[in-house]
Each structure stands twice: as C-alpha cells, then as structure tokens.
Visitor: 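Quick one: structure below, then a few questions.
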Protein chains: 2
Amino acid sequence: MLHGILHYAHYLLESTIEKNETVIDATCGNGQDTLFLSNVVGKNGHVLAFDIQEQAIQTTRQLMQENQKQNVSIIHDSHEHLEKYLPTKEMLVGGAVFNLGYLPRSDKTIITNANSTIMAINKILHFLKPNGLIVIVVYYGHEGGHEEKEAVLKHVMQLSQRSYHVLQYRFINQRNNPPFIIAIEKKGNGFTKRKLSF
Amino acid sequence: MLHGILHYAHYLLESTIEKNETVIDATCGNGQDTLFLSNVVGKNGHVLAFDIQEQAIQTTRQLMQENQKQNVSIIHDSHEHLEKYLPTKEMLVGGAVFNLGYLPRSDKTIITNANSTIMAINKILHFLKPNGLIVIVVYYGHEGGHEEKEAVLKHVMQLSQRSYHVLQYRFINQRNNPPFIIAIEKKGNGFTKRKLSF
C-alpha cells in the first residue's frame with residue numbers, strides 16, 4: 001500500500017534517525033512532528049524545534065508538557081539561525097524535518113519564506129550525518145505558496161548528485177495542490193564535507 | 001535510506017502482491033522482473049510475461065529455465081491484448097509492472113508505445129484487485145521517450161482520485177533523464193468496479 005504524505009515523511013525519518021541523536025524540527029507548528037522526533041531519538045536524544053510564531057511555540061510547549069518530554073528545546077527564532085543553537089560546531093545532526101506553508105488554524109499570511117528555508121536547508125546539510133535525511137513537506141496552496149515551492153525545488157534540483165540524492169514523492173492525480181515531499185539524503189561514501197558558506 | 005528506483009519498484013510490488021496470485025509483467029525484457037514476480041507469487045502463483053520482441057522472449061525463457069520456474073507464461077504478444085490470456089474474465093490480478101523504453105543491449109528503435117501502454121494500463125486497472133498496484137518504471141532518454149512519458153503522465157494524472165492513488169517517485173537532481181516510477185493503487189474501500197471500455 002502506498003504511504004500517504006505524512007506517513008511517508010515519518011517513515012523516512014524513522015528509518016534513518018537513531019536513538020540519542022540530535023535532530024531538528026525546522027518548523028514546529030502544532031508540535032506533532034516535534035513529538036514524533038522526541039519519541040524517535042529517545043530520552044537521551046535531543047530535538048531542536050524552531051518556529052517564528054509565538055502561537056506555535058506555545059502549542060508545542062504545551063504538547064511537550066502533556067507528554068512529559070524533557071528532550072526538546074523549543075526555540076522562538078527562525079530556522080535560518082539554527083547554528084546558534086547547536087552545542088558545538090562539529091556536531092552531527094541525525095535528521096531534520098520542514099513543513100512549508102502556514103500554521104494550520106492560524107493567520108494564513110504568516111508563511112515560511114523561500115530564502116530562509118533555503119538558508120536553513122544549506123546549514124542543516126552541512127551538519128547532517130552521512131546517510132542522514134532532510135524531509136521537507138511542501139504545502140503550497142496558499143498565497144505565496146507557489147513561489148516558495150518553485151524556489152525550493154529549483155534550489156534542491158541543483159544540489160550535486162555526487163553528494164546528495166534528492167527525491168520528490170508526490171501524488172499526481174489529486175486536486176487542490178496536495179502537499180508533496182522532498183527528501184534530501186547526504187551520501188555516505190566518499191563524501192567530502194560541504195564547505196560552509198554562511 | 002532512500003530506495004533507488006529499481007529497489008523501490010520491487011519493494012512496492014512485494015508489499016502488495018501475495019502468494020498464489022496471478023500477476024503481470026507487461027514488458028518482460030531481460031526477464032529480471034519476471035523472475036522477481038515468479039518468486040513473490042510462489043510456485044502456486046502465476047506470472048503472465050509479455051513482450052513484443054523475440055529476443056526478450058528468448059532471454060526470459062532461458063532465465064526461467066535456468067531457475068526452474070514453472071509458474072510463468074511467456075507470451076509473445078503486446079500487453080494491450082492481455083485479456084486474451086487471462087483464464088477468466090472475472091479473475092483478479094494481484095499486481096503488474098511495466099518498464100517503458102527499449103530493451104537494454106538491443107535495437108533502440110523498438111520501443112514501448114504510449115497508446116498500447118495506456119490501453120494495457122486501463123485493462124489491468126479493470127482486473128486489478130482492490131489495494132493492488134501497477135508499478136511503471138519510465139525510461140525516457142531515448143528517441144520517442146519524452147513523448148511516451150508525457151502521454152502516460154497525462155493519462156494517469158486524470159485518473160479519478162476517488163478510485164486511485166497515483167504516485168510519482170523521482171530523483172530530481174540527476175542528469176541524463178534518470179528513470180522514475182509511477183505507481184497506481186486501486187482504492188479498496190467503497191470502490192466501484194471500473195467500467196470496462198475496450
């Protein structure tokens with residue numbers, strides 16, 4: 001049976017992230033992916049959960065409290081500044097997830113932005129462990145969504161095939177701009193660490 | 001880790017086809033998928049393997065002999081006539097695979113054709129079991145390949161989302177027209193059998 005989008009995103013993350021790793025929820029939103037990642041890395045792992053919206057921060061904090069999660073840092077800042085929050089500059093990140101678009105049941109004019117998304121992707125690729133994945137769920141039905149989608153696609157399509165596999169997973173017979181997945185895998189063999197350019 | 005194209009095609013088929021079922025290799029080519037399907041359905045299952053090229057038929061026949069496979073019918077005819085070879089008109093097919101393009105190490109001018117591919121897809125959708133899959137691996141770098149790709153994509157994109165999930169799985173940062181997968185899942189719940197229109 002074909003995995004739906006959300007199920008496939010979790011399947012990919014679960015298949016590559018290991019216990020005790022540090023991972024990133026670049027857009028914590030309602031906190032569901034944060035909670036999922038918290039379970040995957042276990043109590044000695046660490047989730048860095050970013051959002052620019054106060055409402056997302058509060059919702060995620062409450063969800064973590066309800067689930068007694070101690071391994072999550074909830075960070076009210078843009079994911080483009082993520083390196084400020086990593087304990088060391090040499091650490092490896094086990095994986096990351098993005099949900100592009102707006103916060104459900106919230107102000108639809110506050111949306112993720114292609115420039116900061118691309119900057120955060122590049123930074124995470126630098127810290128990502130070999131064979132690690134960045135999973136990006138792209139919602140684009142809202143105003144400004146198509147522009148972000150096109151800019152992000154253009155960026156990831158030019159990532160070197162020597163260093164990365166970039167997969168698109170999408171249902172192509174659905175109406176109303178259904179979300180799709182971009183998954184970026186950092187190759188493990190013979191990979192030269194990407195030069196940090198920020 | 002992300003599945004490569006061939007690995008993912010087999011993963012999908014294996015996850016939905018069950019022992020003892022009848023399945024279809026619509027383009028047997030060098031016989032590798034035929035052999036794979038033969039193993040998946042087991043000795044009481046049945047594989048119908050089609051090809052229009054004599055060379056493909058011979059290669060596949062030899063591979064089946066070498067592997068002592070008794071559960072394969074190798075059929076030198078176009079997949080668009082597949083209903084002629086089904087034991088009954090009421091039977092259910094467990095799954096099907098297509099490899100679109102030309103036979104490797106062979107005459108590149110003999111290629112699969114969009115019209116017969118689409119006709120065969122429609123016929124298999126009629127006989128496919130609920131929750132069954134048609135997996136199509138699309139090679140399109142050869143002359144005529146782009147036209148077939150576009151025609152097949154256009155066709156599957158208009159399949160009703162009430163009756164089918166149509167997935168595209170493709171690597172988007174690779175050069176030289178890499179193959180991609182289209183997977184069509186026939187929905188299982190509340191599905192009305194598709195009217196046969198051939």
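In the text below, chain A, chain B and the rest are named by the order of the sequence lines, each starting its count at 1. Fair warning: this is a prediction, and the values are worked out from it, not measured in the lab.
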Visitor: Can you confirm whether more than 12 heavy atoms, excluding those of E54(B), are under 6.0 Å from its CD atom?
Guide: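 More than 12 within 6.0 Å, yes.
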Visitor: Can you tell me how far the CG atom of L167(A) sits from the CD1 atom of I5(B), to the nearest 0.5 Å?
Guide: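 With rounding to 0.5 Å, CG (L167(A)) is 7.5 Å from CD1 (I5(B)).
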Visitor: Can you classify the ring geometry of Y11(B) versus Y11(A) as parallel (below 30°), tilted (30 to 60°) or perpendicular (above 60°)?
Guide: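 Parallel.
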Visitor: Check the surroundings of atom CD in E66(B): do more than 12 heavy atoms from other residues, nucleotides or ligands lie under 6.0 Å from it?
Guide: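 Atom CD in E66(B) is packed in, count exceeds 12.
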Visitor: Give a yes or no on this: more than 12 heavy atoms of other residues, nucleotides or ligands lie within 6.0 Å of atom CD of Q62(B).
Guide: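 Open: at most 12 neighbouring heavy atoms sit under 6.0 Å from CD of Q62(B).
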Visitor: With rounding to the nearest 0.5 Å, note down the distance linking NE2 in H165(A) to CG in L2(B).
Guide: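 Between atom NE2 of H165(A) and atom CG of L2(B) there are 7.0 Å.
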Visitor: For L133(A), which atoms come within 4.5 Å of any heavy atom of chain B: side chain, backbone, both, or neither?
Guide: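 Answer is side chain: those atoms of L133(A) sit under 4.5 Å from chain B.
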Visitor: Side chain, backbone, both or neither: which part of L12(A) has a heavy atom under 4.5 Å from chain B?
Guide: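 Just the side chain, heavy atoms under 4.5 Å.
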Visitor: In a check of side-chain contact (heavy atoms from CB on, under 4.5 Å) between Q161(A) and each of N173(B), I172(B), N176(B), which one passes?
Guide: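 For Q161(A), the side-chain contact (heavy atoms from CB on, under 4.5 Å) check succeeds only for N173(B).
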Visitor: For the candidates I184(A), V166(A), I182(A), which exhibits the highest count of non-hydrogen atom pairs separated by less than 4.5 Å from chain B?
Guide: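 That would be V166(A).
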Visitor: Could you check whether atom CD of Q68(A) has more than 12 heavy atoms from other residues, nucleotides or ligands sitting under 6.0 Å from it?
Guide: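 Not buried by this count: 12 neighbours or fewer within 6.0 Å.
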Visitor: In terms of heavy-atom pairs under 4.5 Å with chain A, which of M1(B), R170(B), M157(B) leads?
Guide: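 Winner by heavy-atom pair count: R170(B).
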Visitor: I'd like to know whether OH of Y102(B) has more than 12 heavy-atom contacts from other residues, nucleotides or ligands below 6.0 angstrom.
Guide: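 Open: at most 12 neighbouring heavy atoms sit under 6.0 Å from OH of Y102(B).
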Visitor: Are F127(B) and V23(B) co-members of a hydrophobic cluster defined by side-chain heavy atoms under 4.5 Å apart?
Guide: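 Not linked; separate clusters.
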